[in-house]
*Asks:* 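Sharing a structure, written as structure tokens. Questions coming.
Computed from a predicted model, the values in this text were never measured in an experiment. Reckoned from all heavy atoms, side chains included, excluding hydrogens, waters and symmetry mates. The chains referred to below are lettered A, B, ... by the order of the sequence lines, with proteins before strands, and numbering in each begins at 1.
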Amino acid sequence: MPKLIRSTGGVFEEVEDTFVAIEDEAADPGGDILVSFSRLKGGGEALAARSHGRLGVRLEPEDEIEDLEGRLAGVALVALAFPKFRDGRPFTAARLLRTRLGFKGEIRAVGDVLRDQAGFMVRCGFDAFVPADGATASSWAEAAGRHSHVYQRAADARAPAFVERQGE
Amino acid sequence: MYRYDAIDRAVLADRTAEFRDQVRRRLAGELTEDQFKPLRLMNGLYLQLHAYMLRVAVPYGSLNPVQMRALADIARRFDRGYGHFTTRTNIQFNWVKLDDAPDILDALAAVDLHAIQTSGNCIRNVTADPYAGAAADELEDPRVWCEAIRQWSSLHPEFSFLPRKFKIAVTASPHDRTAAKVHDIGLLLRRGRDGETGFEVIVGGGMGRTPYVGPTIRAYLPSDRLFSYLEAILRVYNRHGRRDNIYKARIKILVAALGAEAFAREVEAEWEKIGPEGDLPRAEIDRIGAAFTNPDFVADPASGDFEARRAAEPAFARFVRNNLKAHIRPGYGIVDISLKGIGETPGDISADQMDLVADLAERFGQGDIRSTHEQNLVLPHVRLEHVHEVWKALDAAGLATPNINLISDIIACPGLDYCALANARAICVAQDIARRFETPERAEAIGEFKIKISGCINACGHHHVGHIGILGVDKKGEEFYQLTLGGSGAEDAAVGKMLGPALPIDRVTDAVEAIVDAYLRERREGERFLDTLRRTGDAPFKEAVYAEAH
Amino acid sequence: MKALTANRLSDGEVVFWKDGTWVERLSEAQVFSDEAGAGEAEASARTQRTVVIDPYLIDLVDSAGFWAPVSYRERIRALGPTNHELHGKQAEGGGAVEALRQAHGAARSSGRVNLIRRK
């Protein structure tokens, strides 16, 4: 079972993953399920109306995040896949999902997820991680908190350097 | 010059600590080479043929004397007493050990230098006009924007894993000394109708396998909207740039595939969504700008015996003709330091030479040193009365070759002598051509002539924009060289056209000489080589190179 | 004939395989006359992930009684950069280095290390 690290209010903890990924054709087993984007698009109504568990959707990098607009009702989790850790598209997807689509649920990094990107991921709005490099909650937290200052606005609440300087 | 504050220093300290930990994990076997490689590259550490190479950022080509001395110190302690200035205005150390890399980064951080994003698929060091703040034809100092871009792009959470590397140039002069039109983004500072400043935005230029002169996607962008606009461009690229083929991953391919107008529409639509929220507050631009106002100029300083020396000493007069450029202030000049000594490796500089340049900058140049994309250095603010003394000191150290923009001022990448990607050597080709045109009278008679040599199609030697471009290729295991004519990286940017079949290494210099001789026969009064070529076409040159082919 | 080469992880130095360890001089490298032995060594080298990076086999030819790489690139790796005669392995000089410099490789080589005058 791959480990899941979740950040709640800036605290990183290893938690149990209650979501079960189901195939597009498989029957809904109940409980917390993770479906593909096409299944979400195809079965929107029925999935949104399910009452016996939470709903998660997994997006691949080539999926357009804007297509989630109007479909986020009832969605508790968006998993964004990193097929390779060098694929930077999920950073944009996460940032837009938080800032433009206003998604408040869990954004989870899955796939080739390394601690060396933890800081960038947190800044773009990810709050759950399935590390592929054996990182623990504490090593993940250390990596995510590595930089005491940042230069840009992003999806988190951190004040960039130009704001910190104005306060001086 | 911009001075780091506590925040800037903390960013460097955190970053070097992070890298030290990554190196430790690699040596301990916790990271595989496949995982470590992109991480070390984002800190400028390459594995080359003989050793690791560390590429240190020289942000927008600007250094102070303390930094230059620190580079000399690193060259002595961790390398073999020299460094190499690149076509990206950075400096490379060729003989670095992985074990030492974290200590080198600490030594750099101590003088506010770093290797962040000097490689990898991220936003690289910004290119600025090397005469910024000094050029007589400048609208306003572009380094203010370069420093703001440096900060904005450093460890950018969204744009650190782009489809491919990304290079931005900023210039504020009508004469482009940055090769802006062959950058991923070229920003040309313009004065708007309202008297405010803004940028002409060029996107999708580039060299490499598929060279393009970039199209303008916005004629005028108010300067206070720059950062939201950059964010829009980068976001469109990050989402839609190709990731399936490394040779088609640069933004130029996306711009060419969509067409400049459709690409511009995508950017404008994204820009609208971002809004002014994405811009940098005026106060921050003003804070950075204040660092670039130069208080040390003297009003109308005496020029001493400058004119008399110039009249009396032909060698000094030649240096002045070729290596001294007009300054925005009377009584001052811009001194070009050639790193193209005849027979030397283009861009190489010894630790002792670095120390000398630092001393001269301190004594005579307001502590300001620049590196150029043509692999030379510049002292941008020298009083005319001091130029002779500066020249004497440079000359004694082998740094006063009077060949700026002349035929022996050749750009060459490290090529197969160092680079793991190269197919052929570039340095020895440059050395051989420079020796052939060693006589300064001859070089001056030929006039402006830019030869640029790359050891492979990645085009680090900018061969596409050389008046003569020379590209090393591997032909059945032998080093061959393909010649292109008519390229330019200046405001009249153009990609050179291939002249004919590739030549073996021992025929390259002869071919260059044949082209030069043909030019001298064909040229009309006042024509540069490029002008003649554009008038005659390449027929006379093709004839000259290939007629006697055996 | 073949030799096995790589770059050492800790300092990037060009190294050559010799009976399970690595040496810095090509003249001391183990030379393989059979594919099987070479392949075995390569497979074994690939497991040394914290010692070397990307081991691979190179072809050799005879040059003045020494083994020299056929490929031009590999000769530069075994010597050092041609623009700095005193940098890299070539600095120590001697017969093996001279033989590499003069090597006219068979198929894939121009044998032109010395063609351009060095300063």
*Asks:* Sort A:Glu64 into side chain, backbone, both or neither according to what part of it lies under 4.5 angstrom from a heavy atom of chain B.
*Replies:* both

*Asks:* Under a 4.5 Å heavy-atom cut-off, does chain A meet the side chain of B:Asp21, its backbone, both or neither?
*Replies:* side chain

*Asks:* For B:Leu221, does its backbone N or O pair with a side-chain atom of B:Arg225 as donor and acceptor, under 3.5 Å?
*Replies:* no

*Asks:* Is B:Ile274 close to chain A through its backbone or its side chain, or both, or neither, when contacts mean heavy atoms under 4.5 Å?
*Replies:* both

*Asks:* Please determine which of B:Leu230, B:Ile185, B:Leu162 meets the side-chain contact (heavy atoms from CB on, under 4.5 Å) test together with B:Ile123.
*Replies:* B:Leu162

*Asks:* Does any heavy atom of chain B fall under 4.5 Å from the side chain of A:Ala161, the backbone, both, or neither of them?
*Replies:* both

*Asks:* Checking an interface table here. Which of residues 80-102 of chain A come within a heavy-atom distance under 4.5 Å of chain B?
*Replies:* A:Phe85, A:Arg86, A:Asp87, A:Gly88, A:Arg89, A:Phe91, A:Thr92, A:Arg95, A:Leu96, A:Arg100

*Asks:* With a 4.5 angstrom heavy-atom cut-off, is it the side chain or the backbone of B:Leu155 that approaches chain A, or both, or neither?
*Replies:* both

*Asks:* Considering only heavy atoms and a distance below 4.5 Å, find which of A:Glu62, A:Met121, A:Arg123 pairs most often with chain B.
*Replies:* A:Arg123

*Asks:* Spell out, as yes or no, whether a donor-acceptor pair under 3.5 Å connects the side chain of B:Asn238 to the backbone of B:Phe159.
*Replies:* no

*Asks:* So, do B:Tyr229 and B:Trp271 have ring centers that fall under 6.0 Å from each other?
*Replies:* yes

*Asks:* Below 6.0 angstrom between ring centroids: does that apply to B:Tyr237 and B:Phe166?
*Replies:* yes

*Asks:* Looking only at heavy atoms, which two atoms of A:Phe103 and A:Val75 are closest? And how far apart?
*Replies:* CE1-O, 3.4 Å

*Asks:* Step through the shown structure and confirm whether more than 12 heavy atoms of other residues, nucleotides or ligands are within 6.0 Å of OH on B:Tyr247.
*Replies:* no

*Asks:* With chain A as the partner, which of B:Gln151, B:Glu284, B:Arg15, B:Met42 has the greatest number of non-hydrogen pairs under 4.5 Å?
*Replies:* B:Gln151

*Asks:* For B:Glu277, is it the side chain, the backbone, both or neither that has a heavy atom under 4.5 Å from a heavy atom of chain A?
*Replies:* both

